[in-house]
Amino acid sequence: MKRILIALLLAVAAVPAAARERIPAADSRITFVGRTLVSETGAVSFDWSAVVARISFTGGYLALEAGDTGKDYFNVWIDREPSADPDKVVVIDRDTTVVLFQQKERKPQPHRIVIQKRTEGEQGRATIRAFVAEGTFLQADGVKERLIEFIGDSYTCGYGSENSVREDPFRPEDENPSKTYADILGRYFGADVLHISHSGQGIDRNYDDAGRGWHMPQRYLQTFDLAKEPAWSFAGKKPSITVIYLGTNDFSTGRQPGFPGFKAGYDRLLQAVKSHYGEGHPILCVAPKHSLDYQDYIRRVVETCGLPNVYYAALPVEIHNDDSDLGASWHPNYTGHLKKAYSLIPVVSTITGWPMENKPVE
C-alpha cells in the first residue's frame, strides 16, 4: 500500500504545471482603445483617462507586467462587457506584476478581460510591458464599429464620480470614467469611447488661470496628456462623432473670458478636429448648465464657425440638482451623470442616425 501511495505521489509530482505564455503588450492579439505609444520592446504607454485594453485567453490565470510614473487605478471587468461598476479595481504605482484573474480550472476555459484606466494624466503615466496567461492568448475583440470621441474637463474624467458627498475633497480613488455621461452614452449606443480630458482645463482659460496659454485646444494634439511631444498621429479608426464638453473652467473663480479669445480657442479646436477627421465629421458642442453666459458663448461660436456639421446642445440648470446628484468637490456623481446622458442621447441619435432603443440607460 505504501509503495502504491509513493508511486501516485511521484506521478502527480511529475505532471508539469500549466504552461504560461508571455506576450508583449503591443501584441496584435491585444486591443487598446485610446491614445498610446508603443516602444521598441513592445511596451505600451499612456496617461489619458479611460484608455481601455481588451485581452482574450484560455486558462485560469492572467497578469500584467507594468510600471507607472505615479499611482493609477484601473477598472477590471471579467467575462462581460464594461458597466458602471467594475468587478475589481487594481492599482499600479511602481514596477510590478498585477494579477487580473486567477481561478482553478480542470480544463482551460476561454476568458475575456477588459481593463480601463480610471485616473487621469495628472496621476501618472502607465506602461504595460507584457501580459502573462496560464494557457494561450486569443484574438481580443477589436475596436467597435461605433466610436465616440469626448473632449472635456473633470466632468469627462469622472472626477469625484464614485463619491456622493459634495463637501468631500477629491481623492484619486473616487475618479471613475465608467460612471460619466460619456461612458453611459457609449454603453447605450454600443460604442467605444475616447476620453481626451483633463481636470481644470478650458478653451481659453483654465481653472483659476492655471497653466496660462496651454488649454484643451493645444492638449488635444498630444499623444500624452502631460507632455507636449510627441504629437498624436490621429492614426487608426476615425470616431463616428466628437463631443466637446468644455467651458466651465473658462468662467471659474468669478472671472469671464472675453468672447473674441474664447471664440478663437474654440475655433482652433473645431478646426483641429475637422482637419484630422474630414470636413463632414460631426461635432456636438455641449454647453454646461451653470450659466447662460456659457451657453451664449458656445452657441455664438457654433453659429459663426463657418464649418459644416457642427451642432449645439445646452444643458439646462435643472438637468441635475446640486445636492444628491453631486459627488466629491461639487462634481456630478453617477446619478448626476446619468441625467446628463439622458438629455444627450436623443441629440447624439439625431446627429449620427443611430436609433434610440427601449433599453436601460446605465
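Throughout, residue positions are numbered sequentially from 1 according to the sequence presented.
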Heavy atoms from other residues, nucleotides or ligands near CD of Glu303 exceed 12 (cutoff 6.0 Å)
yes
In Å, rounded to the nearest 0.5 Å, how long is the span from CG of Leu194 to OG1 of Thr242?
8.5 Å
Taking Asn321 for the side chain and Asp323 for the main chain, is one N or O donor matched with an acceptor at less than 3.5 Å?
yes
Return the orientation label for the Phe234 and His276 ring planes: parallel under 30°, perpendicular over 60°, tilted otherwise.
parallel
So do Val89 and Phe74 actually touch side chain to side chain, heavy atoms under 4.5 Å?
no
A cation-pi test, strictly: NZ or CZ of Lys238 under 6.0 Å from the centre of the six-membered ring of Tyr277 and no more than 45 degrees from its axis. Yes or no?
no
Could you go step by step and tell me if Tyr181 and Leu344 meet the side chain to side chain contact (heavy atoms under 4.5 Å, CB included) rule?
CA-CA 9 Å; Tyr181 76 96; Leu344 293 174; 4.1 Å; yes
Geometric class of the Phe251/Tyr297 ring pair [parallel <30°, tilted 30-60°, perpendicular >60°]:
perpendicular
Which heavy-atom pair separates Ser343 from Leu315 by the least distance, and what is that distance?
OG-CD2, 3.2 Å
Rounded distance (nearest 0.5 Å) linking atom CG of Asn75 with atom OG of Ser83
8.5 Å
Is Asp174 salt-bridged to Arg118, cutoff N-O under 4.0 Å?
no
Within the structure provided, determine whether Ser240 and Trp354 are in side-chain contact (heavy-atom separation under 4.5 Å).
yes
Please report the interatomic distance CZ(Arg187) to CD(Glu81), rounded to the nearest 0.5 Å.
10.5 Å
Please check if any side-chain donor atom of Ser178 sits under 3.5 Å from a side-chain acceptor atom of Asn176, or the reverse.
yes
When you measure from the centre of the six-membered ring of Tyr220, is the NZ or CZ of Arg35 under 6.0 Å away and within 45° of the axis?
yes
Take Arg112 and Trp77 through the side chain to side chain contact (heavy atoms under 4.5 Å, CB included) test and state the conclusion after the steps.
CA-CA 8 Å; Arg112 297 179 299 117; Trp77 293 274; over 6 Å; no
Cationic tip of Arg125 within the cone over Phe224's six-membered ring, i.e. under 6.0 Å and within 45° of the normal?
yes
Taken to the nearest 0.5 Å, the spacing of Tyr312 OH from Gln295 CD works out to 4.5 Å
What about Ile241 and Val286, same hydrophobic cluster or not, with Ile/Leu/Val/Met/Phe/Trp/Tyr joined at side-chain heavy-atom distances under 4.5 Å?
yes
Does the distance from a Lys or Arg side-chain N to an Asp or Glu carboxylate O, for Asp72 and Lys117, drop under 4.0 Å?
yes
Roughly how far, to the nearest 0.5 Å, is CG of Asn249 from CG of Asp153?
5.0 Å
If only side-chain N and O atoms count, and only distance matters, is there a donor-acceptor pair under 3.5 Å linking Thr156 with Ser197?
no
Is the closest side-chain heavy-atom distance between Ser161 and Asn333 below 4.5 Å?
no
Anything under 30° is parallel, anything over 60° is perpendicular, the rest tilted; go ahead and classify Tyr159 against Phe170.
parallel
Starting from Tyr155, can I reach Tyr342 by hopping between I/L/V/M/F/W/Y residues whose side chains sit under 4.5 Å apart?
yes
Salt-bridged, Arg29 to Glu21, with N to O below 4.0 Å?
yes
How long is the gap from CZ on Arg22 to CD on Glu65, to the nearest 0.5 Å?
4.0 Å
Please say yes or no: joined through hydrophobic side-chain contacts below 4.5 Å, possibly via intermediate residues, are Phe101 and Tyr73 part of one cluster?
no
Do other residues, nucleotides or ligands put more than 12 heavy atoms under 6.0 Å from Glu167 CD?
yes
For Arg80, is there an ion pair with Asp87 - N to carboxylate O distance below 4.0 angstrom?
yes
For His111 and Thr58, does a side-chain donor sit closer than 3.5 Å to a side-chain acceptor?
no
Check whether the side chains of Gln116 and Asp183 place a donor and an acceptor atom closer than 3.5 Å, and report yes or no.
yes
Does the plane of the ring in Phe137 sit parallel, tilted or perpendicular to the ring in Phe57? Use 30° and 60° as the thresholds.
tilted
Check this for me: does any side-chain nitrogen of one of Asp225 and Arg219 sit under 4.0 Å from a carboxylate oxygen of the other?
yes
Starting from Val33, can I reach Ile78 by hopping between I/L/V/M/F/W/Y residues whose side chains sit under 4.5 Å apart?
no
A cation-pi test, strictly: NZ or CZ of Arg54 under 6.0 Å from the centre of the six-membered ring of Phe32 and no more than 45 degrees from its axis. Yes or no?
no
